[in-house]
Amino acid sequence: MPAVDGRTDLAVLVPVKAFRDAKARLAGVCSAAERATLARWTADRVLDAAGTLPVFIACDDRVVADWAEQRGATVLWRPGLGLNAAVDTSMTDLHGRGVRHVVVAHADLARAESLASVAVLGSVTLVPDTKLDGSNVVALPTGTSFEFAYGPGSFRRHLERALALGLPVCVRRDPLLAIDIDTPADLTHPLVQEVLPR
């Protein structure tokens, strides 16, 4: 995955939490070691879905940074910012590096495929989760005043923000990208069961 040097049309940004701290809501069914392994496995799948696009990892954990570098991604070190500020800051950074459009994907998408296909240059594409609550993937141009607002209800907030800025918006209902792993029930989803390592 090449790093950006100069102007490029499209890149992928993945904010990644420390693997050891990820998936706390699975504590009742998975050990700490299993949760860390699962978090790394889904993150690997998301990076695979980036294909040949340049990939940037926003993180504040050395283990995650080492993993990202081993995968050929560029690390954007974002200590103590929290998810929204880390993504906002990274979007500004990527704009400064000459990236025109960014696909922001969560690291817990077990069935991520072809992230490049989500992007419509110049428009905002929102891929909600299965409940139409969260924003699993957001693709958008850099250099706008769009601010991220992850958390419960983020899909509606992101849609409202894009419309308020007058940006063209596409909502993409993708049955694979809609699947994230947050709860024990997510682990039993048939499309997750097809690929989940044993």
Side-chain angles (χ1 to χ4, degrees), residues 1-17 42-62 64-109 112-128 134-150 154-155 157-172 174 176-177 180:
M1 299 173 199
V4 171
D5 182 15
R7 189 172 178 82
T8 189
D9 282 337
L10 185 62
V12 173
L13 172 64
V14 186
V16 181
K17 185 177 192 174
T42 56
D44 273 322
R45 291 184 66 86
V46 172
L47 263 63
D48 290 344
T52 60
L53 293 176
V55 176
F56 295 82
I57 302 297
C59 66
D60 62 0
D61 179 77
R62 191 66 253 171
V64 170
D66 290 345
W67 161 81
E69 290 168 353
Q70 290 166 6
R71 287 297 313 259
T74 301
V75 173
L76 302 177
W77 191 249
R78 302 289 181 251
L81 291 183
L83 176 58
N84 291 313
V87 175
D88 287 337
T89 302
S90 296
M91 288 293 295
T92 300
D93 188 336
L94 293 179
H95 179 64
R97 294 174 186 240
V99 180
R100 291 179 56 203
H101 204 94
V102 176
V103 179
V104 184
H106 285 317
D108 63 351
L109 308 180
E113 294 181 5
S114 186
L115 291 173
S117 68
V118 175
V120 178
L121 296 183
S123 298
V124 176
T125 306
L126 300 174
V127 183
S135 307
N136 284 1
V137 182
V138 180
L140 72 166
T142 63
T144 74
S145 55
F146 185 94
E147 292 183 343
F148 284 82
Y150 288 114
S154 69
F155 167 63
R157 284 194 301 278
H158 287 151
L159 178 59
E160 290 172 349
R161 289 184 179 194
L163 292 173
L165 290 172
L167 296 169
V169 182
C170 171
V171 175
R172 176 173 169 176
D174 187 306
L176 296 180
L177 290 176
D180 51 8

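When each of N84, T89, L83 is tested with V87 by the rule side-chain contact (heavy atoms from CB on, under 4.5 Å), just one qualifies, namely L83. Looking at H101, R100, M91 one by one, the single match for side-chain contact (heavy atoms from CB on, under 4.5 Å) with P141 turns out to be H101.
Put simply, the side chain of V46 does not reach to within 4.5 Å of the side chain of V55, judged on heavy atoms. Side-chain contact check for Y150 versus R157: every heavy-atom pair is 4.5 Å or farther apart. Residues L13 and V99 fail the side-chain proximity criterion, which asks for heavy atoms closer than 4.5 Å.
Atom CG of D180 and atom CG of D108 lie 5.0 Å apart (nearest 0.5 Å). Atom CG in D9 sits 10.0 Å away from atom CG in L53 (nearest 0.5 Å). Here the SG atom belonging to C170 is positioned 11.0 Å from the CG atom belonging to L159, to the nearest 0.5 angstrom. L94 contributes atom CG, which lies 6.0 Å from atom CG of L76 (distance to the nearest 0.5 angstrom). Note: D93 CG to D88 CG = 12.5 Å, rounded to the nearest 0.5 Å.
Annotation: cation-pi geometry not satisfied between R62 and W67 (NZ/CZ under 6.0 angstrom from ring centroid, within 45° of ring axis).
In this structure a side-chain-to-backbone donor-acceptor pair under 3.5 Å is missing from H158 to L126. Side chain of R78 to main chain of C59: no donor-acceptor pair is present (N/O by atom type, distance under 3.5 Å, no hydrogens or angles).
Residues satisfying the side chain to side chain donor-acceptor pair (under 3.5 Å) test with R45, not counting sequence neighbours, are none.
Between R71 and D44 a salt bridge is recorded (basic side-chain N to carboxylate O distance below 4.0 Å).
Here the closest heavy-atom approach between residue E113 and residue L177 is recorded as N-CD2, 4.1 Å. Residue V118 comes nearest to A139 through the heavy atom pair CG1-CB, 4.0 Å, listed as atom of the first residue, atom of the second, then distance. Nearest heavy atom pair, residue P79 against residue D60, reads CA-CB, 3.4 Å. Looking at every heavy atom in both residues, L10 comes nearest to P54 through O-CD, 3.5 Å. Considering every non-hydrogen atom in both S114 and S117, the closest pair reads O-OG, 2.7 Å. A107 and T42 get closest at one heavy-atom pair: O-OG1, 2.8 Å.
Between F146 and F148, the ring planes are perpendicular. Angles over 60° get that label, and only those under 30° would be called parallel.
Pairs of residues two or more places apart, or lying in two chains, that qualify as side chain to side chain donor-acceptor pair (under 3.5 Å) and include a residue from residues 138-148 are H95-T142.
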field: Residue pair V104, F56: steps toward the side-chain contact (heavy atoms from CB on, under 4.5 Å) verdict
entry: CA-CA 10 Å; V104 184; F56 295 82; over 6 Å; no

- prompt: Given T125 and L140, is the side-chain contact (heavy atoms from CB on, under 4.5 Å) satisfied, shown in steps?
  reply: CA-CA 6 Å; T125 306; L140 72 166; over 6 Å; no

field: Worked check of side-chain contact (heavy atoms from CB on, under 4.5 Å) between V127 and F155
entry: CA-CA 8 Å; V127 183; F155 167 63; over 6 Å; no

task: Check the pair T74, I57 against side-chain contact (heavy atoms from CB on, under 4.5 Å), reporting the backbone distance first and the verdict last.
output: CA-CA 6 Å; T74 301; I57 302 297; over 6 Å; no

